[in-house]
Each structure stands twice: as C-alpha cells, then as structure tokens.
Amino acid sequence: MSQKPTVYIKDLKNHVGEEVTLKGWLYNKRSSGKLKFLILRDGSGYVQCVVFKGNVTEELFEAAEKLTQESSFEVRGKVKSEPRSVGGYELDVIDMKTISIAHEYPITPKEHGIEFLIDNRHLWVRSKRQVAILKVRARVVKAIRDFFDSRGFVLFDPPIITPNACEGTSTLFEMEYFDLGKAYLTQSGQLYEESGAFALGKVYSFGPTFRAEKSKTRRHLTEFWMVEPEMAFYDLDDDMALAEEFIEYIVQSVLTDCQVELQELERDLTKLETIKRPFPRISYTEAVEILKRKGVEFEWGNDLGGADETIIGEEFDRPVMIHRYPSEVKAFYMKRDPENPKVALAVDVIAPEGYGEIIGGSQREDNLDFLLERIKEHNLPQSFFEWYLDLRRFGSVPHSGFGLGLERTVSWICGLEHLREAIPFPRMIYRNTP
RNA sequence: UCCGCGGUAGCUCAAUGGCAGAGCAUGCGGCUGUUAACCGCAGGGUUGUAGGUUCGAGCCCUACCCGCGGAGCCA
C-alpha cells in the first residue's frame, strides 16, 4: 500500500478532499450489492469507509467482504464531508490492506448481560460506550491533577502496604510480611498525608486503595482510586470551600472537553451545567429534619444510609455538603466541634441523582490529649499510632482534608448504572478476572 | 453475613408437565447509500450439577455450585 500520511479519525476534518491512510479495527460492516460500508475505529473516533465495486480491484472488494468484526486493517482513501454519515465525514476507499482477520467476536452489536460483558472486559473496553467512559475518566484524572498542581499542592505518595488499619474499622486485605507479621493493603493514605501537610503545607495523594468489605452493590469495588488532599491551617469551612471548588472544576472541565463522549453516553448536560458554587451546606441535624419531614423514621445519632443520602440528595440540584455528624459514627481522628462535642467537624458530599457519597472529609483532631482519648475509646493499639501522635507533639496546627472517590465521581458525571464501568478492570468480591 | 432474583445455542431471551424455539453472531446467496441495515438458505443444544416425583421434567420437589443487586460497611 502506498504511503500516504497516516492520520487519526478525530483529525479527518482537517483533511477534507485529501488522500489519507487510516489504521484501525472494523467496528461494524454493512453492504448493499456493489457497495460496502466499513465502520473503522482507531481509538480516536469512528468513520464510515465506503468501498464501491467500480472504484477498486476485484481482489480488494473480496478482501473487504472477508473482514470480520474487529479485524484490523489499514485503508487509503479520499476524505469527504458527508452529512449522511455518522460523525459527518466519510472515506472513499481507494486501497485497503488487511492486517489480521479477527476470529468470531463474542461481543455482537446486540444487547448483552453485564456478567458476560465483565467476563470479556478486555474486549468490552473497545465498545463505543466504554471508550467514551474511559475518556471521561482520563479527563477527570487530569482535572484532579491540574486542580491541585495549580493551587500550590505537592504530590505526596503514601505507602500502599501498611502495618495497621488506618481507621480501625474496615476489613482490609491481609498479607504475611516477611518476619514482621501481618501487613495490609491501604484503605486510605490520610494519616500519612497529615505528616506530608506538616512538611509541605498542602499535599495530595492519588492512587488505588483497597477494601475487603463484602459489599455486593453497584456502588462498591474492592480496588478503587481515591484522591486525598490534606491542608495545614485549614479548618472545616476552608475544607468545604476547597471541596466545592474542586468538584465544580472537575465537572466543568469534563463539560468543556468531553462533549462528544457525554453525547455518546446520552448524558443530560443540564444536570451537569448546574454544578456551580456555592453548594448547599446543611448540618447532619438539618439532614435528619429533612428525612423526618419526608416521613422517614430516623433517630438522631445513627449514620445516614444510602437510601437516606439519596432522599437528601434529591432535595438539591447540585452536590450537598452535610457537616457535623455525631462523633460516634465517625473516625477517631476527626476533631469534635468545640461548640458541641456531640458532633465531629466532618463533612460528606453527596452527589445528586442518587449517586451517593463522593467525598468524605473532616478537620483533624490536633490536640494530643484528645487524640489519645479517642484512640483509647476506639480500642486502637496506641503503639501503632505513636508516629501519628508525634505530629501533635511537634508543632501541631489545625488541619483538614478529604478523600474523593474517583469511580463514583466518574459514575455520576457519566450517569452510569454500574460503578464497575468507571474503571478499566473492576475488582469485586466474586471477581478478580480478567 | 443476611434477604431477594436468576442459570436454556457463542450472545440476548422464549417455550400450560407433552416434537428444544426466535433474534443477533457465524457460513453461503441477493441488493449502488447502509445507519444495531435488510431479504433468503444453512449449521449450531448433556436446558448449571446431583438426586427425586411422574407414563412423560427446561418447567414440580430437595441439596449443592455459580452469578446478579439490595442491606450492613464505605469512596
């Protein structure tokens, strides 16, 4: 095949009238006698390649006939603007070369069940919808990094293998660590981030985190990504202000750069366009009042369940920040409100449309004696936390932070049914393949 | 862990206790504008596993296996 410039489908608009070469895979094929329509995908987009029997050799026409779904090939042709074609452009094929004929492809153009698709996740990621989701995910990740990098935060990577359960609550993945006994996969880098904040001022970590909880719902994974900023000299109000600016930035970045993807996902853009500061801020106590007004039986002091969060979330058209939870349902390191010791200076951010908690954060307990009390109350082994207590012994200051779940955020922005579509290879309790 | 639902062709699903079916995918044939194209023909089955009831079980009963999504827990 002659060497014309190889271009990507997304750039075809700059080559109308020119002869170009495209390389990719056959997404679908239709034919009508002496015409063949080959839908080519190359990762950057999709384009219909038209093979007309009168324009090409007999051999080429037969080769086009033999292409099966997902066969790889390169094709040379003339780019033309074509409103009848999806995407608005088309390639009039002049020459074509088969690279590899695909075996019978399991994921056909009709509907499939979720189980089958997950079994074939390594192939499923080629599907239009999955490509769109994964591009949005990549854009969200970039927005997260850009946000913190441009606001004076320093990336501070916590360890993934840890000697103790960070918050002492969740079930963790356990391993034998040489002669040192048991070690665990991290459930949060937060305690380490606090040490980073006292060294660098404002830090963040961004990486995978692990929960061995036997959660079987569409909102849970055993391995998921979390971004955790931690800031010295921030109180709870500063923390909430940062969280809302952060979420607004992520959503608006995706809206600006992922129009094609959101359209493919049939996302209602008006639901995202309203995601602007300020977000509603209500106290836990006010949240309980909303529940009671809605007829939900709820006792002050209990934690909000998923259904409760959905009900409260439906009251607002943007994420709602619920703050000052009963300290008893929150982690030991959260600072109690000096004005009401029954509640902790914690905040959860609930996404709209029933997507639930996407952020959990708090102002941290900075007083050594109070923290020691909390550790005793929670029956945690103090020896494991000596290094953490040192942060209060050597120049303690007020500080705050939060964690945002990447997959839940992507799931919400994309309007997904299942969290597992928001990560390339989801890990769930009864599945660790492919 | 608890509660609920499910397992039939490669896939998605049908089938009053009475011949195992359709669409898609695959193969062959047809069509010069298809948009999950369409039309015709063909191949494709240990109905999750093991028992039981029955003249007869995909269907009813028991146990087990696997999965799904909800609760709890959390992001």
Side-chain angles (χ1 to χ4, degrees), chain A residues 27-39 46-55 61 65-66 68-70 82-88 90 92 101-120 123-124 127-129 166-172 186-190 208-228 302-310 329-331 348-351 355-361 402-412 417-420 422-423 428-431:
Chain A
Y27 195 74
N28 200 355
K29 180 174 68 175
R30 289 181 283 270
S31 67
S32 178
K34 300 186 168 50
L35 269 179
K36 292 198 183 306
F37 301 98
L38 310 176
I39 314 299
Y46 304 80
V47 68
Q48 176 159 283
C49 305
V50 182
V51 185
F52 177 47
K53 200 167 189 177
N55 288 354
F61 196 74
E65 175 63 34
K66 288 205 169 67
T68 54
Q69 190 185 356
E70 286 303 318
E82 174 54 82
R84 284 178 296 184
S85 192
V86 175
E90 217 171 60
D92 271 334
I101 293 290
H103 298 194
E104 191 176 326
Y105 193 66
I107 303 178
T108 64
K110 285 271 180 158
E111 284 176 13
H112 298 279
I114 187 75
E115 185 182 350
F116 174 77
L117 290 169
I118 289 274
D119 280 340
N120 290 283
L123 301 175
W124 190 24
S127 301
K128 249 183 184 172
R129 177 181 165 81
C166 163
E167 304 178 15
T169 51
S170 291
T171 315
L172 304 186
T186 184
Q187 64 162 166
S188 163
Q190 188 220 303
T209 187
F210 308 87
R211 302 282 164 88
E213 299 284 355
K214 291 200 169 181
S215 298
K216 296 184 59 166
T217 84
R218 66 181 79 179
R219 297 188 309 278
H220 290 86
L221 296 169
T222 57
E223 176 182 327
F224 64 96
W225 281 57
M226 186 155 68
V227 54
E228 296 179 281
N302 293 335
D303 204 357
L304 300 173
D308 304 321
E309 287 176 350
T310 300
V329 302
K330 287 295 180 185
D348 282 358
V349 182
I350 310 300
Y355 280 92
E357 183 185 348
I358 52 172
I359 277 183
F402 61 81
L404 172 130
L406 176 63
E407 288 77 13
R408 282 193 185 172
T409 303
V410 171
S411 206
W412 162 49
E417 191 82 6
H418 298 281
L419 193 64
R420 70 193 98 172
I423 186 168
M428 294 162 295
I429 57 172
Y430 292 130
R431 179 185 297 278

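Within every chain, numbering begins at 1; the chains are lettered A, B, ... in the order of the sequence lines, protein sequences first and strands thereafter.
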Complement of [N], any strand, by Watson-Crick or G-U distances under 3.5 angstrom:
N     : value
B:U47 : none
B:G58 : none
B:G69 : B:C3
B:G33 : none
B:G40 : B:C28
B:C13 : B:G21

Find the distance [X]:[atom1] to [N]:[atom2] and express it as a whole number of Å.
X        : N     : atom1 : atom2 : result
A:His418 : B:C68 : NE2   : C1'   : 9 Å
A:Leu172 : B:C73 : CG    : P     : 17 Å
A:Asn55  : B:G33 : CG    : P     : 15 Å
A:Phe52  : B:C31 : CZ    : P     : 13 Å
A:Arg211 : B:C74 : CZ    : P     : 9 Å
A:Ile429 : B:C2  : CD1   : P     : 12 Å
A:Arg84  : B:U32 : CZ    : C1'   : 11 Å
A:Lys66  : B:C28 : NZ    : P     : 8 Å

Check: [Y] main-chain N/O paired with [X] side-chain donor or acceptor under 3.5 Å:
X        : Y        : answer
A:Asp119 : A:Phe116 : no
A:Tyr27  : A:Lys128 : yes
A:Arg219 : A:Arg408 : no
A:Gln69  : A:Ile107 : yes
A:Ser85  : A:Glu90  : no

Using only modelled atom types and a 3.5 angstrom limit, is any donor from either the side chain of [X] or the base of [N] paired with an acceptor on the other?
X        : N     : value
A:Arg30  : B:C31 : no
A:His220 : B:C74 : yes
A:Ser32  : B:C38 : no
A:Glu90  : B:G33 : yes

Span that lies between the [atom1] atom of [M] and that of [N], in whole angstrom:
N     : M     : atom1 : result
B:G18 : B:C59 : P     : 11 Å
B:C13 : B:G7  : P     : 10 Å
B:U54 : B:A36 : C1'   : 45 Å
B:U1  : B:G43 : P     : 48 Å
B:G33 : B:C38 : P     : 16 Å
B:C11 : B:C2  : P     : 31 Å
B:G30 : B:U34 : C1'   : 15 Å
B:G56 : B:A20 : C1'   : 16 Å

For [X], answer base if it contacts any base atom (sugar-phosphate contacts may also be present), sugar-phosphate if it contacts only those atoms, and nothing otherwise; contact means non-hydrogen atoms under 4.0 Å.
X        : result
A:Arg218 : sugar-phosphate
A:Thr209 : nothing
A:Leu406 : nothing
A:Asp348 : nothing
A:Ile39  : nothing
A:Gln48  : base
A:Glu228 : nothing

Next on the checklist: By nearest heavy atom, map A:Glu82 and A:Gly360 onto RNA chain B; which one lands nearer the 5' end?
Outcome noted: A:Glu82
Checklist entry - How do A:Arg420 and A:Gly305 order along RNA chain B: which one's closest nucleotide is nearer the 5' end? => result A:Arg420
Per [X] side chain, nearest of listed nucleotides [options]:
X        : options             : value
A:Thr108 : B:C74, B:G33, B:C24 : B:C24
A:Thr217 : B:C31, B:G27, B:G72 : B:G72
A:His112 : B:A75, B:C11, B:U34 : B:C11
A:Glu104 : B:G33, B:A36, B:A25 : B:A25

Next on the checklist: Looking at A:Arg211 and A:Glu213, is there a salt bridge between them, counting it only when a charged N and a carboxylate O are closer than 4.0 Å?
Outcome noted: no
Next on the checklist: Do the side chains of A:Glu65 and A:Lys36 get close enough for a salt bridge, i.e. N-O under 4.0 angstrom?
Outcome noted: yes
Next on the checklist: Nearest 0.5 angstrom please: A:Leu123 CG to A:Tyr105 OH, how far?
Outcome noted: 4.5 Å
Item to check | B:A71 OP1/OP2 closer than 4.0 Å to side-chain N/O of A:Arg219 | outcome: yes
Next on the checklist: Measuring only between side-chain heavy atoms, which start at C-beta, is A:Leu404 closer than 4.5 Å to A:Glu228?
Outcome noted: no
Checklist entry - Is the ring centre of A:Phe224 under 5.5 Å from the base ring centre of B:A75, and are the two planes under 30° apart, so that they stack? => result yes
